[in-house]
Amino acid sequence: MTVPAVPILSEDPADKVVRHGAILSAELQARRQQMYPPDARKNLRFFMTHEVSKLTSIPESTLRTLSIEGKGPVPARLENNHRAYTLGQVHELRELFAQMKPSEALRFLPRRRPGEPLQILSIANFKGGSAKTTTSAHLAHYLALAGLRVLAIDLDPQASLSAMFGFQPELDVGHNETIYATLRYDEARRPMREIIRPTYFTGIDIVPGNIEVMEYEHETPRSLAGGANGSQSGSQTVFFERLRLAIAEVEDDYDIVLLDTPPSLGFLTLGAIYASTGLLVTVHPAMLDVMSMSQFLLMMGDLIGVVREAGAGLSQNFLRYLITRHDPNDQSQVHVVAMLRSLFGEDVLLPTAVESTAIETAGLAKRTLYELEPGNIGASTVKRARESMDAVNQHILDLITQSWGRA
Ligand SMILES: Nc1ncnc2c1ncn2[C@@H]1O[C@H](COP(=O)(O)OP(=O)(O)OP(=O)(O)O)[C@@H](O)[C@H]1O
Ligand SMILES: [Mg+2]
């Protein structure tokens with residue numbers, strides 16, 4: 001389609017909307033192509049000895065000795081002869097040391113043990129742009145780097161989380177390949193294991209999303225009304241239990257499941273909340289966002305009431321608010337944060353995710369801060385943003401390990 005660049009005099013406003021839509025969309029598409037070409041394949045950087053040591057708590061000297069003695073995974077050598085490990089090799093080192101030192105196994109390999117239940121965490125808020133996806137992606141990467149087995153499920157038809165993991169929703173995700181495939185009410189329903197995909201970020205699997213996810217919002221009311229599908233396979237399970245049951249099919253394979261939800265409170269989001277053992281509500285500290293969150297909480301309360309009336313219980317260990325895109329120098333934000341803390345106390349996470357060009361720029365290239373090589377963006381900007389994200393993610397990891405009853 002050709003887009004006239006020069007404005008047409010006396011153009012009808014309706015035509016103008018269409019023309020402007022096309023101009024803007026073409027421009028954005030061009031910029032996206034530049035930042036992230038469609039044929040780009042994601043791969044993960046290497047980790048240097050000092051990083052591996054920090055991640056695994058194996059001393060640098062031990063790693064070097066191991067490598068010299070030819071034991072354990074063989075790291076690549078960079079031009080400067082420095083050792084460079086893949087994330088898969090970092091995981092191998094964890095397993096090796098857990099075997100060698102059984103009394104300290106948990107320190108090297110913090111996976112959940114028998115009796116420690118799978119943690120399912122929803123990142124939710126129906127305010128668009130509250131950093132749900134950015135939070136989900138950073139958390140997933142952080143947990144995988146910590147040695148945990150993560151399943152990320154993209155419940156958003158916009159599928160931005162899938163895109164962060166290198167799955168372009170319109171190209172790489174086909175018919176019946178999203179979470180809808182396992183939730184649907186008809187015969188085409190698929191087992192969860194069939195729709196899970198490994199990612200380039202070793203230790204994280206994903207159920208990608210695309211627009212098809214929306215089907216669930218259309219099909220559920222039909223099923224509730226006892227429509228034509230009434231007698232078909234799997235249709236007996238009530239809508240809010242379906243996601244929980246789908247996750248239960250693969251429970252043993254993971255430590256943590258992260259659910260990135262859409263900016264709406266539909267059947268999928270409700271299913272996510274019902275399935276969750278923990279709920280993280282992301283909130284940008286601006287008055288409009290807080291007003292929207294208030295609506296979200298009231299509506300969620302109503303819906304939870306409906307679920308309870310149906311005789312189903314929720315089993316959440318925690319609900320926390322995470323302040324996102326936080327600018328501590330913005331006075332109006334300072335007031336909003338103070339208000340939230342005075343109202344909700346410790347339920348507002350102490351660490352906040354600071355607003356940072358490093359996070360935004362990395363996001364445009366579909367990356368988290370954890371993927372950046374030194375020198376990608378101004379070092380001090382990245383450092384400050386990393387410290388903020390690390391503090392947030394460590395706090396969430398602490399909540400998870402507390403749920404496991406660990407000290
Ligand atoms: N801490 C941050 N600093 C700077 N930019 C950020 C930060 N967190 C998120 N962003 C940017 O804000 C935008 C919205 O973030 P994100 O997509 O994570 O929000 P969302 O809640 O998932 O949105 P949606 O409701 O559409 O799913 C993105 O461009 C992202 O890069
Ligand atoms: Mg999102």
Side-chain angles (χ1 to χ4, degrees), residues 28 31-32 35-36 121-142 152-165 167-169 173 178-179 206-211 213-214 217 258-266 268-269 272 279-286 288-290 292-293 295-296 299-300 321-330 333 336-337 349 351-372 376-378 380-393 395-396:
L28 292 176
R31 286 180 185 221
R32 243 187 324 249
M35 289 298 292
Y36 190 79
L121 196 57
S122 277
I123 294 90
N125 196 342
F126 68 9
K127 183 79 174 88
S130 62
K132 294 179 286 295
T133 302
T134 306
T135 304
S136 306
H138 280 83
L139 185 57
H141 288 184
Y142 186 87
I153 305 183
D154 197 340
L155 297 175
D156 189 350
Q158 297 175 94
S160 1
L161 185 69
S162 308
M164 291 274 295
F165 278 97
F167 297 104
Q168 302 213 59
V173 186
T178 71
I179 195 69
I206 193 169
V207 175
N210 69 14
I211 196 75
V213 164
M214 274 299 286
E217 305 296 334
L258 296 177
L259 305 172
D260 183 25
T261 65
S264 60
L265 194 44
L268 264 177
T269 306
L279 195 59
L280 199 63
V281 177
T282 49
V283 57
H284 176 58
L288 271 178
D289 293 65
V290 171
S292 164
M293 185 175 87
Q295 284 301 112
F296 175 68
M299 284 170 65
M300 200 162 79
Y321 301 94
L322 170 65
I323 310 277
T324 59
R325 291 179 22 235
H326 182 207
D327 176 0
N329 298 317
D330 177 331
Q333 286 201 18
V336 175
V337 172
L349 243 61
T352 64
V354 294
E355 174 103 45
S356 164
T357 49
I359 295 172
E360 198 185 0
T361 311
L364 286 172
K366 307 213 189 307
R367 288 178 176 195
T368 71
L369 296 175
Y370 299 110
E371 296 176 86
L372 299 185
N376 270 149
I377 305 170
S380 65
T381 317
V382 174
K383 188 165 175 280
R384 187 171 147 269
R386 254 300 283 270
E387 280 167 4
S388 160
M389 278 296 181
D390 281 351
V392 167
N393 291 328
H395 196 103
I396 298 168

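Whatever order the structure lists them in is the order used to number ligands and atoms, beginning at 1.
Of the candidates L258, D260, T134, L139 forms a side chain to side chain contact (heavy atoms under 4.5 Å, CB included) with just one, namely L258.
Residue-to-ligand polar distances place A131 within reach of ligand 1: an N/O pair is separated by less than 3.5 Å. Of the polar atoms of T134, at least one N or O is found under 3.5 Å from an N or O of ligand 1, judged by distance alone. Residue contacts with ligand 1: S356 is placed with a nitrogen or oxygen under 3.5 Å of a nitrogen or oxygen of the ligand (distance criterion only). Between G129 and ligand 1, at least one pair of N/O atoms sits closer than 3.5 Å.
Using a 4.0 Å heavy-atom cutoff, P263 is listed among the residues neighbouring ligand 1. For S130, the closest heavy-atom approach to ligand 1 falls below 4.0 Å. Using a 4.0 Å cutoff on heavy atoms, D156 counts as a contact of ligand 1.
In this structure, the side chain of K132 engages the main chain of K127 through a donor-acceptor pair within 3.5 Å. Listed for the T261 side chain is a donor-acceptor partner under 3.5 Å among the backbone atoms of I123. In this structure, the side chain of H138 does not engage the main chain of T368 through any donor-acceptor pair within 3.5 Å. N210 places a side-chain N or O within donor-acceptor distance of the main-chain N or O of V173, the cut-off being under 3.5 Å. Using a distance-only test at 3.5 Å, with no hydrogens or angles considered, no donor-acceptor pair links the side chain of N393 to the main chain of Y142. Side-chain N or O atoms of E217 include one that pairs as donor or acceptor with a backbone N or O of L268 at under 3.5 Å. Formation of a donor-acceptor pair under 3.5 Å by the R384 side chain with backbone atoms of S356 is not found in this model. With hydrogens and angles disregarded, a donor-acceptor distance shorter than 3.5 Å links the side chain of T324 to the backbone of S130.
Annotation for ligand 1: atoms under 4.0 Å from non-hydrogen atoms of Q158 are 24 (P), 26 (O), 27 (O). Listed by number with element, the atoms of ligand 1 under 4.0 Å from a non-hydrogen atom of V354 are 1 (N), 2 (C), 3 (N). Of all atoms in ligand 1, numbered sequentially from 1 with element shown, those under 4.0 Å from a heavy atom of G128 are 25 (O). Residue-ligand proximity, I359 to ligand 1, at heavy-atom distances under 4.0 Å covers atoms 1 (N), 2 (C), 3 (N), 7 (C). Near K132, meaning under 4.0 Å from any of its heavy atoms, are these atoms of ligand 1: 18 (O), 19 (O), 20 (P), 21 (O), 22 (O), 24 (P), 25 (O), 27 (O).
Scanning the protein heavy atoms around atom 17 (O) of ligand 1, the nearest turns out to be T133 CB, 4.1 Å. E360 CA, 4.0 Å is the protein heavy atom nearest to atom 31 (O) of ligand 1. Here the protein heavy atom with the shortest distance to atom 7 (C) of ligand 1 is R325 CG, 3.2 Å.
The closest side-chain donor-acceptor pair between N125 and T282, if any, does not fall under 3.5 angstrom.
Distance check for Q158 against the Mg ion (ligand 2): none of its N/O/S atoms falls below 2.8 Å.
Within the 4.0 Å heavy-atom criterion, neither part of H326 lies near ligand 1.
Under the 4.0 angstrom criterion, atom 15 (O) of ligand 1 counts as having a protein heavy-atom contact. For atom 28 (C) of ligand 1, no protein heavy-atom neighbour is present inside the 4.0 Å cut-off. For atom 4 (C) of ligand 1, the nearest protein heavy atom is under 4.0 Å away.
Side-chain contact check for P262 versus Q158: every heavy-atom pair is 4.5 Å or farther apart. Two residues are said to be in side-chain contact when any heavy atoms from C-beta on lie closer than 4.5 Å; I359 and M389 meet this criterion.
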